[in-house]
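Scroll down for the structure; my scribbles are underneath it.
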Amino acid sequence: MLSRDVEEVVGMRLQLSPEDEAFRQEMRTFFTTKVPQTTRDAVAARRDVGREQYVETQRILNAAGLAVPHWPAEWGGRDWTPLQRHIWREEMQLACVPEPLAFNTSMIGPVIAAFGSDAQKQRFLPATANLDIWWCQGFSEPDAGSDLASLRTTAVREGDEYVVNGQKTWTTLGQYADWIFCLVRTDPDAPKKQRGISMLVFPMDTPGVTLRPIELIDGGFEVNEVFFEDVRVPAENLIGEENRGWDYAKFLLGNERAGIARVGATKRMLADAKQLASEVLADGRPLAEDPRMSARIAELENELLALELTALRVVAHSADGKPHPASSVLKLRGSELQQAATELFVDIAGPLSLASFADDDSAVPEWARAATPEYLNYRKVTIYGGSNEVQRTIIAGTILGL
Amino acid sequence: MDFSYDDEQNALRQAVSGLLARAYDGEKRRAVVAADPGFDEKTWSQLAEMGLLGLPFAEEHGGAGAGHVEVAIVAEEIGRVLAPEPYVQAVVLTGGLIDAVGTDAQRGELVAGLAEGTLVPAFAHAEPGTRWSTSASGVRAAEEGGTWRLTGVKEPVPNGARADVLVVSAVVGDGATRLFVVRGDAEGLTRSGYRSHDGTRVAKVELAGTPAEPLGEGTDDRAAAIERAHSLARIAYAHESIGAMATALSTTTEYLRTRKQFGVTLNKFQALTFRAADMYVSLELARSTALWASLVVDTGGDVVTAADRARLQTSRAGRHIGKDAIQLHGGIGVTAEYTVGHYTSRLTAIDHVLGDGDWALARLAAGVGDHETVDPLGAPYT
């Protein structure tokens, strides 16, 4: 349990050390002065950030050594403490900086750095850190969601190539992607379904790859289906060993959960919600003065504080790079609080929330038009990254021994 | 920023848990709380011998000059085994008030007596008709011929019948609330003790022209001192409740692993294990907040707000874990013979002694517009 291993030799301390405080200021100054204001404004207004803004931001971060600090040092990583990484991420969110693309920096990058060949590292890692290659994820399938290991996309070896057939889904921002990293079944006869899976990477413009956008209930198109029909992939694009793909996927998903609490982003949202609730009038008085509204915000703020403090406790105990089992708590509660914050915006907007698809000619302010689509879109956060039910299974099994 | 205990703190925890494990194995607690004074005098003496009753006080008064983090460790271990000794009430709340407000002579006698285990003080403050107020209204104090006399009723007063000395809040002529020391054998003092649902003792304390000695000098209103002492006690109680919640959860998970129904152990039912997982989430979030609040005390921060935040989080968690611990056990959870229901009962008592979660939330809500964000690591973000 989390409580049992808080037994180290350093004394308890509330404030940051002078070094960490200086680090925090350095991050804050960089993020608020070097990343274009228009991009940060777009994130603050909760508008969709376009491909160019993502790429521009990540290149600015990468040039300053701030895109992939958690990678091995020889590939651009920094020897930061877990607390510094936490501060880096939180300050980025507080400053409304679009974070480095997770598919590149948290997912395939660390996998290639850990399991790829030297040639693959040379070929992919610098371009992945700099977002010269935009990666997308080919994991989920129509019949393989939380039960990912039951995936059916096949790759059959023919000479120096694999021939890939099948379908992936929920491929986020696949429309922007240059390359895909894909879990494929290479041994249909393996004794355990996890044993017959490999990881392949290939360009999205390879003949036989078809992308179909999926419209979501917020009216947006951020996820896609991807179809593979006799896609020929050079064997050198196999990551690691054949039939070991499940190990790499678990490694990758462990990284995916780091930083998933998104405390800084939710903190920003609550601050905005307070401001908006003081501007919106209800029967002539600021909505913020309604005791039920102020109590709701105060309780969310307190829960977010509890989450942030818990994240700091977890951070101090994930030194070996493996996620602490209690990181499931962060995913579970972090996603719930993100959803609660988006719900708060809809309720502050009240009737204005119906102007969701209005254009800029509308008399309704932009934040109120964005509120409901974002609330609907954020139903995803308790589903992706290991659904919250999967997290409860992990807590019950791994932590509580049930 | 570091939430790790150091070696000395870990040693303190081991010593306290060792003492309490010996004192409260098996059926011992039920026997102790069945008889007055509702706690074990021998265990109280052992806590004194270990230096725990003087932990937060200056060495010149027999204390150890330790921080609130150390006090919190003791409180958590008390909660873990539901030890009925009135640690938070006597040491943190009443002792803290005497230490903060009393004269040197009063501290020399009362704090020193508390620290060595020879004198149990209690704070007689609550009155029927008030809710977690920092002021007194029902008990009046008047000076006559150089002697202060108190008249009125205090109830419920934790350990009010057993206490050797009462610190009593009373309203004086100008409407200010002041504090007085009343000896257990004072004339015109009637104390009727009874057993509360959690096994602790509370009392009705009637004062009829009872002679009393002002605590401290001067004529200041003591509401702010009461607020601070209440806040420190709320934080200590947060830790006591964390200890109780941890045991309620571990008792529950052990039960799920061993109890069989439909031919299998209960941990085969996801409907039950998911609820246990949610209990763990509540516990760890509450623990983080309590730890933080104790660090706020030791670094001289805003103790009142930190206490309200800890109170809110531990109130929500205590209700959640207390109720579900019983539910996941089934009928045995509501029997007096089994342990887990007593944890729920104690958590319910802690939740109401110094302000419940909604009460704390109302206070936090009133100040929610005063800051942009809550930043536990440093200055607010601009």
Side-chain angles (χ1 to χ4, degrees), chain A residues 1-3 6-17 20-21 24 28 83 87 91 94 267-268 270-271 274-275 278 288 291 293-299 301-313 316 326 328-329 332-333 389 391-397 399-402, chain B residues 1-10 67 69 242 246 249-250 253 256-257 266-267 270 272-274 276-281 283-289 291-292 294-296 298-299 301 308-309 312-313 316 358 360-369 372-378 381:
Chain A
M1 285 174 94
L2 187 52
S3 51
V6 186
E7 283 173 7
E8 289 180 2
V9 285
V10 199
M12 280 211 187
R13 192 174 60 233
L14 186 60
Q15 283 105 340
L16 293 175
S17 67
D20 286 335
E21 184 56 45
R24 187 193 206 195
R28 185 169 294 185
L83 178 60
I87 292 170
E91 288 298 324
L94 284 169
K267 200 181 270 191
R268 194 77 245 167
L270 288 184
K274 275 199 260 188
Q275 180 61 36
S278 70
M293 177 54 72
S294 60
R296 181 171 165 190
I297 294 174
E299 182 137 28
E301 209 169 58
N302 216 48
E303 292 185 24
L304 189 62
L305 170 67
L307 179 70
E308 178 172 11
L309 295 164
T310 305
L312 288 164
R313 287 171 62 209
S328 286
V329 173
L332 192 60
R333 205 69 195 113
E389 288 64 39
Q391 305 304 332
R392 286 187 177 90
T393 305
I394 292 171
I395 291 170
I399 300 177
L400 299 179
L402 294 174
Chain B
M1 150 69 235
D2 193 330
F3 278 173
S4 310
Y5 293 105
D6 64 21
D7 287 348
E8 241 175 276
Q9 290 165 336
N10 285 324
V69 170
I242 293 295
L249 175 58
S250 61
T253 53
L256 294 180
R257 275 193 293 271
L266 293 183
N267 63 347
Q270 198 176 55
L272 307 181
T273 59
F274 272 27
D278 285 335
M279 291 163 75
Y280 175 79
V281 173
L283 170 61
E284 291 306 328
L285 293 170
R287 185 194 301 280
S288 303
T289 313
L291 277 170
W292 166 79
S294 283
L295 286 171
V296 170
D298 285 348
T299 49
D308 286 348
R309 294 196 174 286
L312 174 56
Q313 202 69 30
R316 300 291 193 249
D358 281 352
L361 177 58
R363 285 160 49 111
L364 293 170
V368 77
E372 189 186 12
T373 61
V374 177
D375 179 7
L377 288 183
Y381 187 74

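Numbered from 1 within each chain, the chains take letters A, B, ... in sequence-line order.
For A:E301, the side chain to side chain donor-acceptor pair (under 3.5 Å) partners are A:K274, B:H371, not counting sequence neighbours. Residues that satisfy the side chain to side chain contact (heavy atoms under 4.5 Å, CB included) test with B:N267, not counting sequence neighbours, are A:L402, B:L256, B:R257, B:T265, B:T273.
In this structure, the portion of B:T299 lying under 4.5 Å from any heavy atom of chain A is its side chain and not its backbone. Heavy atoms closer than 4.5 Å to chain A are found in both the backbone and the side chain of B:A276. Looking at A:E389, both its backbone and its side chain come within 4.5 Å of chain B, counting heavy atoms on both sides. Both the backbone and the side chain of A:A295 come within less than 4.5 Å of a heavy atom of chain B. Looking at A:S278, there are no atoms closer than 4.5 Å to chain B (heavy atoms on both sides), in backbone or side chain. The part of A:E308 that comes within reach of chain B is its side chain, from C-beta onward, which places non-hydrogen atoms under 4.5 angstrom from that chain.
Looking at B:Q270 and A:T393, their side chains come closer than 4.5 Å, going by heavy atoms from C-beta outward.
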*Please step through salt bridge (charged side-chain N to carboxylate O under 4.0 Å, His left out) for the pair B:D358 and B:R316, ending with a clear verdict.*
CA-CA 9 Å; B:D358 281 352; B:R316 300 291 193 249; 2.9 Å; yes

*Hey, mind stepping through A:K267 and B:E372 against salt bridge (charged side-chain N to carboxylate O under 4.0 Å, His left out) and telling me if it holds?*
CA-CA 9 Å; A:K267 200 181 270 191; B:E372 189 186 12; over 6 Å; no

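The CZ atom of A:R333 sits 14.0 Å away from atom CD of A:Q391, with the distance rounded to the nearest 0.5 Å.
The greatest number of non-hydrogen atom pairs below 4.5 Å with chain A, out of B:L272, B:D308, B:T289, B:L285, is found for B:L285. Of the residues considered (A:G401, A:G397, A:P291), A:G401 shows the highest number of contacts with chain B, using heavy-atom pairs under 4.5 Å.
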